[in-house]
Amino acid sequence: MDEDAVLQILALLRNQSIEAIAVCLIWSIVNPLHELRIGELIAQHLPGVPFTLSHQLNPVLREYRRTSSTAIDASLKPLMGRYLRELDGRLKESGFGGRLLVISTAGGLMDPQDVADMPILSINSGPAVAPIAARHYVLGDLDHQTAVVADTGGTSYDVALVRRGEIPMTRETWLGPKYVGHITGFPAVDVRSVGAGGGSIAWVDHGGMLHVGPASAGAVPGPAAYGRGGTSPTVTDAALVLGYVDPEYFLNGEMALDVSAAQAAIEDSVATPLGVELLEAADAILTLATEHMVQAIHTVTVEQGVDPREAILVGGGGAAGLNAVPVARRLGCTYVVIPDVGAALSAAGALVLDLTAEFSAPLFVDTGDFDHAAANRVMAGLRAQCHEFAARMDVALSEVRIEYTAEARYAHQVWEIDLPLGDNGLSNDSDVADLIDTFHARHQEIFAMHDVASDIHILGLRARVICKDRGEQVLQSVAPSRSHPTVSSGREMYFAGHGLLHGQVWIMDDLEPAKGEIRGPGVIESQFTTVVLDPGTSAQRLENGNLLVIP
Amino acid sequence: MSVADSSDATRGGREAAGGSHFDPLQLAVLTARLEGIVRRMTETLVKTARSAVLNTAKDCSCCIVSHDDQVLVSAESLPIHVMSGPDLMAKWLRSYHPDAKKGDAYLHNSPYHGNSHTSDHCILVPVVDDAGHHQFTLMVKAHLADVGNSEPTTLWATCRDMYHEGSLVFNCTKVQEEYRDIDDIIRMCQLRIRVPEAWYGDFLAMVGAARIGEQELLALGEEYGWSRLHEYTQAWFDYSERQMAAAIAEMPAGRSEVTTAFDPIPDVEGAEHGIPLRVTVDIDPVEQRIDVDLRDNPDCLAAGVNLTEATARSAGLVGVFNSLPFVVPQNGGSFRRLTVHLRENCVAGIPVHPVSCSAATFGVSCRIANSTQRAIAEMGTGFGMADCASECPASTAGISGTDPRRNGARFVNLMLLGLTGGGATARTDGWVTSGEVGGGGLMMRDSIEVDELIYPVRIWSDRLVIDGGGPGRHRGAPGCFVEYGPVSTTMEAMWSSDGEVTPALGACGGFPGASACQWLRRSDGALEPLPAWGGARLGPDETVVSFSNGGGGYGRPWERDVTRVEKDVREKWVSIKAARDIYGVAVNEDGTVDQDETACLRTKLSKRDSKPPRRLEIADQMQSLVDLPIRLVDSGEK
């Protein structure tokens, strides 16, 4: 390595008052000496400037994604380091005596110091927890172990999966739009987002086609019905016009909605340009939003090899209930569950997370001529890293579990799929034979084909260490203060194919668990959300407070 | 000379659509569903393919063709693959196989029957309902690493004709029946195509992608009914036509004619001094039509540079779509407003058997697409753009040989490095990683680590070239300096590089981007020039040094915002010398700008106001890159 050239660059960076440095060298994952040396030089010549070395952060093949990870991580260090230090200090000042933990993108809890060292691990961690919450609060009591978990907010619709009790991960996570944004290059809970939430704006283009989103009215000015200056019709406006949302009981009655403003917005921006009736236009807005949501779900289920017809649809977030039934019908799901923790699905999930860390290491072996010794070396290294982490976390070793994964592909392919490995790793021929069988089956499951004649190449191993540091948490929603004036006798609601019908209105808290079924058309109102039951749909409250809907 | 008018193909569709009143509310929903199907086909193909040209570079496309043989949906596909071609192939399929059955799949790569070039294999799957009616056609197209040419290259500008080119040519040949391979065809391919197991893996990936599309379309037909889907199709085409008409209505009226030249090819009659090319664009915002005329171009040549009907028309359409004021869907409906005039036996027209079209997706088609968008830019009202880099530099070579790490197993692949050089527009600098114009920015660069892992090759350098982007009010993106060679073996590398003599040209006073060139570096360090057409057989310690084109600039460089030039210098897009000489901005050694001197320099430059140079000379910058001590580090040891 030309150290003089490195020193020249460091001098230049000092002059430009650089705040953080990312170092990524080709093949540093195989030989990290030069990256380590550059790290030493930075520490010596630019003391106090945080830096990230790619092989330490994310030792994966492919220089672009590794560089992208490294640059994102380094860029977050000054801000996140400061933030976490201050947060910890302020909590202690306020008398907080517990242990501060931070949620990671991979759906685990981490020590704040570890996050400050690798802040990329905290990106987009909120949505990552939704499937963990769904697994705990919803699937725990049902026979199903596969779920599509949809979190509908004001601007986006986030979809994640639980596949046979496992939560699929991806390395294709982008900050911003795919290709145009920046890839994080890190394993993260596979969450896909589309711009289809309650605030998504409906509009008609020159050629007479309806669009919903990606622009959102957000909370300010918000939907036209908020009366805060918004004039563009949104999904929430459509739900109001269709009679699904009670203008007097929105957000627990804290905000009155202006129906005529919503009607005018939809009339002017959608119904008139399309030459259709107001109610048809409002229904079309919701239907198109539904379609965008269904496409987002298809993308993640197809890529993860899940058949949505075998999954439960779990609807979290404030706007989930508006069209959960049509989404489930399009997907062919048998059940929809609206969890009792409802709008706070992700936050509730945080209570059931474990202290976890993930480590990876490259391993280039193929099944044609398998190198058991190399595989054992890499396994041993990962195991040691996991135990070292557990020791630092200060929990008894009996509560530590390690899950191993191999990244494998057919010869000549370049995109790996993840395969679970036992504690034994790949130490003998029968382990490898098992891996081969699993690989073919998984490839068939995801891509509808496999190739038994082809060798399988392994590119790397990963280990995830899970440290349980407390007993099971039990969370139930706090009994809400009743603010609903009276039980309404229902109102007119519009359903495509039926027209205006008299719809019932039920109050969620009045539905006693495990007591009888109710049938649409109608809506169930709670202080956080409204669940629309289309004609032909039935629902009942379960023992645990969740709402089960049969679409 | 016979004249073919591309709009003939689409008129039938237009009349059939007349009077259809499709529920406007369902239009958006069905469009989202069909786009989803095409995206899932593409995803399957890319994730399961075996060649880097597919699984990394994404040189592939998927498309749904309507009942009346029009391009319907082609989300995320390469424009040069799908704007025109799938329509023609679907029509040929219907004429050869009027009785196509469910479970059939057809292999097609004939350049005379709607395909782009022989190296793009297509799988055509007729979507046949339970009653036996052929309702839609699915196309999966992939640029293969090898197709069995007489030399190990898939883009061969200098081959004499299709016999010399040498690949097997399939013309709607049935390759699956009742969802099972017809092994006779598979065996033919396995005997002819280099590295047959990788080819078969790619074949499985293509068929898998088509079958996923077929399953989903059959389910959609079941759900909506086929006649309703065909009504939707016509409504979607009508909508797209209205969008195109609205876009053209915003554009300037008039005619613009530009010329360019494909670089000289030694020993090819008619191309020794280059191939002069001419594009005429007529925009009629009143009638809302655009005509692109490619007929005034030379006859077909005895070389692989001839375009196919599909690529000639697609190239014209790419140039137009790159110049529109807003995004318009690309399908048979919007194409009704556009006519690309072609003639038979023309190098940028319709080829006649047995001429070769081996390089039809690059080279001349890039020149045509670039010239079309530049012609529109020269009309001077802010639409259109400068040339993107001409492509296929030596860093995009077909590489082949044997791998000593794998017991001498044979390897062949199209490497894709150094693809940068986006052209500038009236509003933006060139997109750095755009790659060639026909790819629409959708192709991916190779990963150096993946290339080095899979093939016995080392990539010694891959850097942007300072001053390589065409100067202008908006700057073209720079080209790349790439150096590579075999590791402990010998290797053959073949390319067909355009853009050494005539670089990517600027628009509205913008300068051209830097020219492409390539050298062989001997083991003793000596540099020898290499031809633009052909390649090199490299020994274990030899490398290819490749410079790719920069994109053209837009507007006069001395009108570029001074703070942008200052930033360009700070980030090393532009040298201090070029900032001064070309942009008229005096940047001091410490990075600050001398405002007084800048004003003075700019006055001088604007008074001169000469035409942009034909070439951008950056020999100093190139020399400094070539002189970099790349071998200081060997095998990762200090």
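This is a predicted model, so every value here is computed, not measured. Order of the sequence lines fixes the chain letters, A, B, ..., with proteins taken first and strands second; residue numbering starts at 1 for each chain. Values below: every heavy atom of this structure, side chains too, minus hydrogens, waters and symmetry copies.
Using a 4.5 Å cut-off between heavy atoms, Phe326(B) contacts chain A through its side chain alone, with no backbone atom that close. Interface residue Leu453(B): backbone and side-chain heavy atoms are both found under 4.5 Å from chain A. With a 4.5 angstrom heavy-atom cutoff, Gln16(A) touches chain B only via side-chain atoms. With a threshold of 4.5 angstrom between heavy atoms, Leu459(A) approaches chain B through side-chain atoms but not through N, CA, C or O. In this structure, chain B has a heavy atom under 4.5 Å from the side chain of Arg409(A), while its backbone stays farther away. Heavy atoms of Ala246(B) lying under 4.5 Å from chain A belong exclusively to its side chain. Contact annotation for Ala453(A): neither backbone nor side-chain heavy atoms come within less than 4.5 Å of a heavy atom of chain B.
Your options are Met444(B), Arg211(B), Gln215(B), and the one with the most heavy-atom pairs under 4.5 Å with chain A is Met444(B). Heavy-atom pairs under 4.5 Å with chain B peak, among Asp451(A), Leu274(A), Leu210(A), at Asp451(A). Per-residue counts of heavy-atom pairs under 4.5 Å with chain B were compared for Arg66(A), His211(A), His443(A), Glu280(A); the largest is that of Arg66(A). Contact count against chain A (heavy-atom pairs under 4.5 Å) is highest for Thr48(B) among Leu204(B), Thr48(B), Asp590(B). Contact count against chain A (heavy-atom pairs under 4.5 Å) is highest for Ala28(B) among Ala247(B), Ala209(B), Ala28(B). For the set Ile448(B), Thr31(B), Val46(B), the entry with the most heavy-atom pairs within less than 4.5 Å of chain A is Ile448(B). Ranking His292(A), Arg62(A), Glu416(A), Met209(A) against chain B, the residue ahead of the rest is Met209(A), based on heavy-atom pairs under 4.5 Å.
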*Between Ser447(B) and Glu63(A), is a side chain to side chain donor-acceptor pair (under 3.5 Å) present by the stated rule, with each step listed?*
CA-CA 7 Å; Ser447(B) 156; Glu63(A) 66 279 4; 3.0 Å; yes

*Step by step, work out the side-chain contact (heavy atoms from CB on, under 4.5 Å) result for Glu291(A) and Gln26(B).*
CA-CA 10 Å; Glu291(A) 189 56 36; Gln26(B) 276 198 0; over 6 Å; no

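Using a 4.5 Å heavy-atom threshold, the side chains of Gln295(A) and Arg40(B) count as touching.
Nearest heavy atoms, Leu61(A) versus Val450(B): CD2-CG2, 3.9 Å. In terms of heavy atoms, Glu449(B) sits closest to Val60(A) at OE1-O, 4.3 Å. Arg50(B) approaches Ser454(A) most closely through the heavy-atom pair NH1-OG, 3.5 Å.
For the atom pair CZ of Arg445(B) and OH of Tyr64(A), the computed distance is 11.0 Å after rounding to the nearest 0.5 Å.
For Ile9(A), the side-chain contact (heavy atoms from CB on, under 4.5 Å) partners are Leu13(A), not counting sequence neighbours. In this view, Glu267(A) and Ala271(A), Thr272(A), Leu278(A) satisfy the side-chain contact (heavy atoms from CB on, under 4.5 Å) rule, not counting sequence neighbours.
Look at Arg406(B) and Asp369(A) and you find no salt bridge, because none of the NZ, NE, NH1 or NH2 atoms lies under 4.0 Å from a carboxylate O.
Of the N and O atoms on the side chains of Tyr239(B) and Asp205(A), at least one donor lies less than 3.5 Å from an acceptor on the other residue.
The number of heavy atoms from other shown groups lying within 6.0 Å of CZ (Arg463(B)) does not exceed 12. Residue Glu222(B) places its CD atom among 12 or fewer non-hydrogen atoms of other residues, nucleotides or ligands, all under 6.0 Å distant. Around CD of Glu277(A), the count of heavy atoms belonging to other residues, nucleotides or ligands within 6.0 Å does not exceed 12.
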